[in-house]
There are 2 protein chains.
Amino acid sequence: MRLTTKGRFAVTAMIDLALRQSEGPVTLAGISERQGISLSYLEQLFGKLRRHELVCSVRGPGGGYTLARATDLISVADVIIAVDEPLDATQCGGKEDCRDEGRCMTHDLWSNLNKRMFEYLASVSLASLVEQQRERLACKPHQEIVFREARDCVSVASFEAQA
Amino acid sequence: MRLTTKGRFAVTAMIDLALRQSEGPVTLAGISERQGISLSYLEQLFGKLRRHELVCSVRGPGGGYTLARATDLISVADVIIAVDEPLDATQCGGKEDCRDEGRCMTHDLWSNLNKRMFEYLASVSLASLVEQQRERLACKPHQEIVFREARDCVSVASFEAQA
DNA sequence: GCATACTTGACAAAAATGATCGGGTATTTC
DNA sequence: GAAATACCCGATCATTTTTGTCAAGTATGC
């Protein structure tokens, strides 16, 4: 599993979608404006999300995207896997036991790490994130949910290492 | 924390170094040949590792690199942090509580993930990896420790997602 | 000492990826 | 038909990853 900003964008967009789909399909243009992600990029991401059957699309006026499953059946891991396409075959995947010692010396380490991360991300559902988000909104009831300049924070180029 | 091939290369190289430093400084040329990582790239990585005081350099003939600390005092997290320099300031770092809800909607998620990954990687020392590696070598006692074509496996471009 | 070979160290170029921009087409609602 | 929307594609810019080139330092043989 790979952790980059791409997955972060995708998750952010999915949360936005989850928060609004009760009012019908959500347009990418809306997500783009609210979250400060370029429309083209969202199109690419949602193309992948759709092909992985995490979202459904509705064309025409009033159209947009909706989630394909309930929020508690979509995990963060699902989203990240969908947009990050992990170039399957090219590596000595979990199956082959990497004879030729030096090769894949770090195999066990990485597959353990992978596993841990995956387990963690798979344990976090969109539902729980949405709930978190709702709680925050509840604290500041009348603030409008339009934040154009969210970019500085959301679009940052890399994860931060922290102790 | 960011997970890319860069960190993977660095860890692989550090294990190679740990396995051989008993015979004196280890050259990057050697690591390059054995692990299939380009010399220039290793030079960059080891520049960072040196500046983070994880390795020491010895110039001139017979020179090379040695570890700056005992293998059980160097964690995988140390190595990855060293080569990945997390562009500190640009983001809304852990301190600021990201008011303006939509902004950093996923803040908690990512910082939790970060924390988990970091804890895991910090718990894995170079010593434990070396020991693992030694055990494997022990099973195939007479095989020469020269594996030119390790690239196919080690150089793959991304982590694999796996359940 | 001095040349020479071995090694790190630093800078620049190339390749790959991430992200944006602009155009177009298909589909649906009105 | 007109407008709103997804969908697709190629071009472009920025960033990151990877490789290439050249310099600087240092031990060794003479």
Side-chain angles (χ1 to χ4, degrees), chain A residues 2-10 12-13 17 20-21 23-33 35-51 54-66 68 80 83-87 90 151 154-159, chain B residues 2-10 12-13 17 21 24-33 35-52 54-66 68 80 83-87 90-91 151 154-159:
Chain A
R2 214 154 128 250
L3 281 194
T4 68
T5 47
K6 208 170 187 176
R8 213 167 172 170
F9 278 139
T12 303
L17 175 51
R20 296 166 174 278
Q21 68 168 350
E23 307 157 20
V26 180
T27 69
L28 291 190
I31 299 180
S32 167
E33 208 174 299
Q35 304 302 334
I37 307 172
S38 91
L39 181 58
S40 307
Y41 202 31
L42 280 175
E43 283 171 355
Q44 291 177 39
L45 297 180
F46 273 78
K48 291 180 181 177
L49 292 171
R50 182 173 51 86
R51 283 186 285 277
L54 294 177
V55 299
C56 297
S57 65
V58 182
R59 288 182 157 197
Y65 286 93
T66 54
I80 290 183
V83 299
D84 245 334
E85 338 233 6
L87 15 156
T90 27
R151 291 211 73 231
V154 177
S155 76
V156 68
S158 124
F159 292 95
Chain B
R2 213 156 126 247
L3 281 194
T4 68
T5 47
K6 207 171 184 176
R8 211 168 173 170
F9 280 144
T12 304
L17 175 50
Q21 69 168 351
V26 180
T27 69
L28 292 188
I31 298 179
S32 168
E33 207 174 299
Q35 305 301 334
I37 308 171
S38 91
L39 182 57
S40 310
Y41 200 28
L42 280 175
E43 284 169 356
Q44 282 181 38
L45 297 180
F46 273 78
K48 292 180 180 176
L49 293 171
R50 183 173 51 85
R51 284 186 284 277
H52 280 79
L54 294 177
V55 299
C56 297
S57 68
V58 181
R59 288 185 153 195
Y65 285 92
T66 55
I80 290 183
V83 298
D84 246 330
E85 339 232 6
L87 19 154
T90 27
Q91 62 223 23
R151 289 210 78 228
V154 176
S155 77
V156 67
S158 124
F159 293 96

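Quick note on labels: first sequence line is chain A, next is B, and so on, each numbered from 1.
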Q. Hey, is the side chain of B/R2 poking within less than 4.0 Å of OP1 or OP2 on D/dT17, counting only N and O atoms?
A. yes

Q.
The side chain of A/I37 is closest to which nucleotide in this list: C/dT20, D/dA6, C/dT8?
A. C/dT20

Q | Minimum heavy-atom distance between A/P25 and A/G64, given as atom pair plus value | A | CB-N, 3.6 Å

Q. How close or far is atom C1' of C/dT17 from atom CG of A/L45, stated in whole angstroms?
A. 14 Å

Q) Does the side chain of B/F46 come within less than 4.5 Å of B/L17's, by heavy atoms? A) yes

Q. Taking all non-hydrogen atoms of both residues, which atom of B/I80 and which atom of B/R2 are closest, and how far apart?
A. CG2-O, 4.0 Å

Q: Using atom CG of B/D84 as one end and atom P of D/dT18 as the other, report the distance to the nearest whole Å.
A: 11 Å

Q. Rounded to whole angstrom units, what separation is found between the NZ atom of B/K6 and the P atom of D/dT19?
A. 13 Å

Q: For A/L39 and D/dC7, give me the distance from atom CG to atom C1', rounded to whole Å.
A: 11 Å

Q: Kindly give the heavy-atom pair with the smallest separation between B/K6 and B/D84, and that separation in Å.
A: CD-OD1, 4.3 Å

Q | Protein-nucleotide distance (B/Y41, atom OH; C/dT8, atom P), rounded to Å | A | 18 Å

Scan nucleotides 26-30 of chain C against the protein and return all N/O pairs shorter than 3.5 Å with their distances rounded to 0.1 Å.
{"unit_1": "C/dT27", "atom_1": "O4'", "unit_2": "A/R59", "atom_2": "NH1", "d": "2.8"}

Q: Could you tell me whether the phosphate oxygens of D/dT15, OP1 or OP2, come under 4.0 Å of any side-chain nitrogen or oxygen in A/T5?
A: no

Can you pull every protein N or O that's under 3.5 Å from an N or O on nucleotides 10-15 of chain C?
{"unit_1": "C/dA10", "atom_1": "N6", "unit_2": "B/E43", "atom_2": "OE1", "d": "3.1"}

Q: Could you label the plane-to-plane angle of the A/Y41 and A/F9 rings as parallel, tilted or perpendicular, counting under 30° as parallel and over 60° as perpendicular?
A: perpendicular

Q: Answer yes or no: does a side-chain N or O of B/S57 lie under 4.0 Å from OP1 or OP2 of C/dG9?
A: yes

